A.B. asks: 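Can you read through this structure? Questions will come right after.
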Amino acid sequence: MIKIIIVDDDCLVADALKIILEADSGIQVLASGKDGYEAVSLYRNYQPDLLLMDIRMEKLSGLEAAREILSQYPDARILLLTTFLDDEYIVQALRLGARGYLLKQDYASILPAIQAVCSGQTVFGGEIMAKIPALLNRESQFDYNARGITPKEQNIITCVAEGLSNREIAEKLFLSEGTVRNYLSAILEKLELRDRTQLAVFYYQHR
């Protein structure tokens, strides 16, 4: 059972989300809130599997609430929802460590996104993923060597950022898929990242 808290300043949206999510027998909505302060309080009280939260809210925004929650609970799974495809919001969400950022209009993607986040993935809608490389590209070079990343591992990071699968990476670098998986596990550990999506974001952020 995935236990969720919903926070949105539009009660109609919050109620609609609750109905949609609880139609799935594997999801339980523990509580709802209407601003960032309630999000922080509800998270502290319930410590849910996932917090589904709007960004633009009065008193305390979703981004500010996410920052507060993640400072206390670094492993918190926070999935942000918004009606705005705002570049600055996307960058802030990524840097805060939010597990996902979706457009509210895309209701069909919300349930799969929740399931993906709870299985350890980071999820961003297609429109948002397309914007990430340009948003996070920086001129400064990251010293991979200082983090113990070998040249072979750097090649794998580049392949991941290009969207190649493990099989495609294996074929390109003349490795087995198992070896690629082992390399990826080592890379994620060295860079203290959770998954492939974060690794791709990290690549463009430090390019």
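Everything numeric here is computed off the predicted structure, so don't read it as measured data.
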A.B. asks: According to side chain to side chain donor-acceptor pair (under 3.5 Å), does anything in residues 1-16 pair up with another residue at least two apart or in another chain? List the pairs.
C.D. replies: D8-K104
A.B. asks: When V180 is tested against each of V160, L164, L173, I169 for side-chain contact (heavy atoms from CB on, under 4.5 Å), which residue passes?
C.D. replies: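 Option passing the side-chain contact (heavy atoms from CB on, under 4.5 Å) with V180: I169.
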A.B. asks: What residues form a ring pair (Phe, Tyr, Trp, His ring centres under 6.0 Å) with Y73, not counting sequence neighbours?
C.D. replies: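 Y73 satisfies ring pair (Phe, Tyr, Trp, His ring centres under 6.0 Å) with Y43 only.
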A.B. asks: To check you understand the geometry: which heavy-atom pair defines the closest contact between A98 and L80, and what is its length?
C.D. replies: CB-CD1, 3.9 Å
A.B. asks: Keeping to residues at least two apart or across chains, list the ring pair (Phe, Tyr, Trp, His ring centres under 6.0 Å) pairs with something in residues 2-39.
C.D. replies: none
A.B. asks: List in chain and number order the residues that pass side chain to side chain contact (heavy atoms under 4.5 Å, CB included) with E153, two or more places apart in sequence or in another chain; answer none if no residue qualifies.
C.D. replies: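 Partners of E153 by the side chain to side chain contact (heavy atoms under 4.5 Å, CB included) criterion, ordered by chain and then number, come out as I149, T150, Y183, A186, I187, K190.
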A.B. asks: Quick one: side chain to side chain donor-acceptor pair (under 3.5 Å) partners of S32, sequence neighbours excluded?
C.D. replies: none
A.B. asks: Is any side-chain heavy atom of I4 closer than 4.5 Å to a side-chain heavy atom of L30?
C.D. replies: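 Not in contact.
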A.B. asks: Identify, with sequence neighbours excluded, every residue that meets side chain to side chain donor-acceptor pair (under 3.5 Å) alongside Q198.
C.D. replies: none
A.B. asks: Using side-chain heavy atoms (C-beta onward) and a distance below 4.5 Å, is R77 in contact with L79?
C.D. replies: no
A.B. asks: Applying side chain to side chain donor-acceptor pair (under 3.5 Å), can you list everything that pairs with R196, at least two apart in sequence or on another chain?
C.D. replies: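 R196 satisfies side chain to side chain donor-acceptor pair (under 3.5 Å) with N166 only.
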A.B. asks: Give every donor-acceptor pair under 3.5 Å between a side-chain atom in residues 16-27 and any protein atom, sequence neighbours left out.
C.D. replies:
| unit_1 | atom_1 | unit_2 | atom_2 | d |
| --- | --- | --- | --- | --- |
| K18 | NZ | E22 | OE1 | 2.9 |
| E22 | OE2 | V29 | N | 3.1 |
| D24 | OD1 | G26 | N | 2.7 |

A.B. asks: Quick one: list whatever passes salt bridge (charged side-chain N to carboxylate O under 4.0 Å, His left out) with E68, sequence neighbours left out.
C.D. replies: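 Listed in chain order: nothing, the list is empty.
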A.B. asks: Could you tell me which residues satisfy salt bridge (charged side-chain N to carboxylate O under 4.0 Å, His left out) with K172, sequence neighbours excluded, listed by chain and number?
C.D. replies: E162
A.B. asks: So I157 and L191, do their side chains get closer than 4.5 Å, heavy atoms only?
C.D. replies: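 Contact flag for L191/I157 side chains = yes.
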A.B. asks: Which heavy atom of V123 sits nearest a heavy atom of A116, and at what distance?
C.D. replies: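 Minimum heavy-atom separation between V123 and A116: CG2-CB, 3.5 Å.
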A.B. asks: Could I get the full list of side chain to side chain donor-acceptor pair (under 3.5 Å) partners for T179, not counting sequence neighbours?
C.D. replies: S176
A.B. asks: Would you please name every residue forming a salt bridge (charged side-chain N to carboxylate O under 4.0 Å, His left out) with E168, sequence neighbours left out?
C.D. replies: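 E168: no salt bridge (charged side-chain N to carboxylate O under 4.0 Å, His left out) contacts found.
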A.B. asks: Within a reach of under 6.0 Å around CD of E58, are more than 12 heavy atoms found that belong to other residues, nucleotides or ligands?
C.D. replies: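 No, not enclosed.
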